[in-house]
Number of protein chains: 2
Amino acid sequence: MTLPQHDQAARVLLQQSNGRITPARIGVLGILLAANAALSHQEIEQLALQQGYTFDRVTLYRALDWLVEQGMAHKISGADRTWRYNAQAGIPHQHAHFHCKQCEQVFCLENLQPAFLFALPPGYQLEQVDVTLQGRCPACTQQS
Amino acid sequence: MTLPQHDQAARVLLQQSNGRITPARIGVLGILLAANAALSHQEIEQLALQQGYTFDRVTLYRALDWLVEQGMAHKISGADRTWRYNAQAGIPHQHAHFHCKQCEQVFCLENLQPAFLFALPPGYQLEQVDVTLQGRCPACTQQS
DNA sequence: TATATTAATGCAATCTTGTTGCAAAAGAGA
DNA sequence: TCTCTTTTGCAACAAGATTGCATTAATATA
């Protein structure tokens, strides 16, 4: 599913960082750019294999972490408690995700504002809403 | 932190179920009732130890699962991918949680409606909002 | 182009979180 | 107290994720 142009785009993006441009990073970023859903480690590994990339599981973890660090990818924790990654360069991440309980895919709903939470794009059948707010609790706020 | 009265309350609650009243269930439910945040398996295990309970890790998992099954506790998946449990009997669960990035505690914000998401209780410093919607994606909806 | 330097990789080992099967122990009613 | 069933503890297992370290590869410099 990853087209050559995605690897090309990945290469361009990587050149804007101060890290090294390696096959693993090109491959992983290319896969993320080509995907229309947030991918799990396993899914990325499989796609990479299909494309002839043969990097280690650990390398994949590190490439993903590095991409997140560089701001080129987002790391989200789905309802099934596995990390999923996506790369939507330029689009600010709103952290609204749709987890399909049937196919287990996670879709990023980028432009969904909390107030419009229930105005889902057509076709999505909502069963459960999980909202996690992150920051500092009163006790920790006072400490610092 | 668990006071005797919580174990007492736990006992009363357990009597309303059709399961057996065992030390593990009393202890776990008592701990959950005494907590003002959702607790992880590990935290519960530690608190139990502090109180002299010495049940197995597996027993704890099973007691928690059972409590959830009975509707006496809620199981939530935090941003750090570990299950957390809380027992707020009688209060319907709204699935809005506040995860403190500093102390890693998860607080349940029971009465927060999505539209009022940004009207947080005083003291909470918001840094990130994660919304996970669950259900069926368009493709899966059509399939069935 | 060749070389040196530093960053990234692969491998093996380890850890954490969570689950399963089964025999032994304990709750609850008769 | 006795019996029946539910829980428990133990051991083993499994997936997901991380760490240390020697080897390899990417880049800057000569």
Side-chain angles (χ1 to χ4, degrees), chain A residues 7 10-30 38-49 52-70 72-85 99 104 106, chain B residues 7 10-30 38-49 52-70 72-85 99 104 106:
Chain A
D7 277 35
R11 237 177 262 267
V12 171
L13 276 168
L14 288 170
Q15 256 149 18
Q16 289 167 21
S17 78
N18 58 347
R20 293 184 180 172
I21 299 171
T22 67
R25 288 176 182 173
I26 297 168
V28 172
L29 186 51
L39 301 178
S40 68
H41 181 274
Q42 229 183 13
E43 290 166 334
I44 298 170
E45 196 171 5
Q46 272 194 327
L47 287 169
L49 254 172
Y53 291 106
T54 58
F55 37 73
D56 194 75
R57 225 161 50 88
V58 178
T59 300
L60 180 44
Y61 271 108
R62 289 197 269 228
L64 286 167
D65 281 347
W66 182 84
L67 287 171
V68 170
E69 219 173 80
Q70 299 292 315
M72 295 188 214
H74 292 293
K75 186 180 186 178
I76 63 180
S77 154
D80 58 354
R81 298 173 356 276
T82 57
W83 292 121
R84 280 163 203 275
Y85 300 83
H99 181 117
E104 291 280 314
V106 175
Chain B
D7 277 34
R11 238 176 262 265
V12 171
L13 276 168
L14 288 171
Q15 255 149 18
Q16 289 167 20
S17 78
N18 58 346
R20 293 188 181 169
I21 299 170
T22 66
R25 291 178 181 171
I26 296 166
V28 171
L29 187 51
L39 302 176
S40 68
H41 179 275
Q42 230 182 12
E43 291 165 332
I44 298 171
E45 196 171 6
Q46 272 193 326
L47 287 169
L49 253 172
Y53 291 107
T54 59
F55 37 73
D56 193 73
R57 225 163 49 87
V58 179
T59 300
L60 181 43
Y61 272 108
R62 290 197 267 228
L64 286 167
D65 282 348
W66 183 84
L67 287 171
V68 169
E69 219 173 80
Q70 300 293 314
M72 295 187 213
H74 292 293
K75 186 180 186 178
I76 63 181
S77 154
D80 59 353
R81 296 173 1 275
T82 58
W83 292 119
R84 281 163 202 276
Y85 300 82
H99 181 117
E104 291 280 315
V106 175

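Order of the sequence lines fixes the chain letters, A, B, ..., with proteins taken first and strands second; residue numbering starts at 1 for each chain.
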Just the rounded figure in Å: distance from P of C:dT9 to CD1 of A:Ile21. 12 Å
Given C:dG18, C:dA28, C:dA8, the nucleotide with the shortest approach to the side chain of A:Trp66: C:dA8
DNA chain C nearest-nucleotide lookup for B:Gly19 and A:Arg25: closer to the 5′ end is A:Arg25
Could you write out DNA chain C as dot-bracket? Rules: Watson-Crick or G-U wobble, both distances under 3.5 Å, brackets [ ] for crossings, | for pairs with another strand, dot for unpaired. ||||||||||||||||||||||||||||||
What are the two closest non-hydrogen atoms of A:Glu43 and A:Ala38, and how far apart are they? OE1-O, 4.0 Å
Could you check whether the side chain of B:Arg62 and the base of C:dG18 have a donor-acceptor pair of N or O atoms closer than 3.5 Å, going by distance alone? no
Are any protein N/O atoms closer than 3.5 Å to N/O atoms in nucleotides 14-17 of chain C? If there are, list each pair with its distance.
{"residue": "C:dT17", "atom": "OP2", "partner": "B:Gln42", "partner atom": "NE2", "Å": "3.3"}

Determine the contact category for A:Ala24: base if any of its heavy atoms lies under 4.0 Å from a base atom, sugar-phosphate if only primed atoms, P, OP1 or OP2 are that close, otherwise nothing. sugar-phosphate
Rounded interatomic separation in angstrom, taking CG from A:Leu64 and P from C:dA8: 14 Å
Give the rounded distance in Å between these two atoms: CD1 of A:Ile44 and C1' of D:dG16. 14 Å
Output the single nucleotide from D:dA26, C:dG27, C:dG18 whose closest atom is nearest the side chain of B:Pro23. C:dG27
Just to confirm, is there a sub-4.0 Å distance from OP1 or OP2 of D:dT8 to any side-chain nitrogen or oxygen of B:Thr22? yes
Return the value, rounded to whole Å, for the distance between atom CG of A:Asp56 and atom C1' of D:dT19. 13 Å
Quick one: which protein N/O atoms are closer than 3.5 Å to N/O atoms of nucleotides 3-5 of chain C? Pair and distance per line, please.
none

Please name the pair of heavy atoms, one in B:Gly30 and one in B:Ala10, separated by the smallest distance, quoted to 0.1 Å. N-CB, 3.7 Å
Figure out the CZ/C1' separation between B:Phe55 and C:dA26, and round it to whole Å. 16 Å
Using whole Å, what does the distance between atom P of nucleotide D:dG16 and atom NZ of A:Lys75 come to? 15 Å
Interatomic distance, B:Asn18 CG vs C:dG27 P [rounded to whole Å]: 18 Å
Return the value, rounded to whole Å, for the distance between atom CG of A:Asp65 and atom P of C:dA7. 18 Å
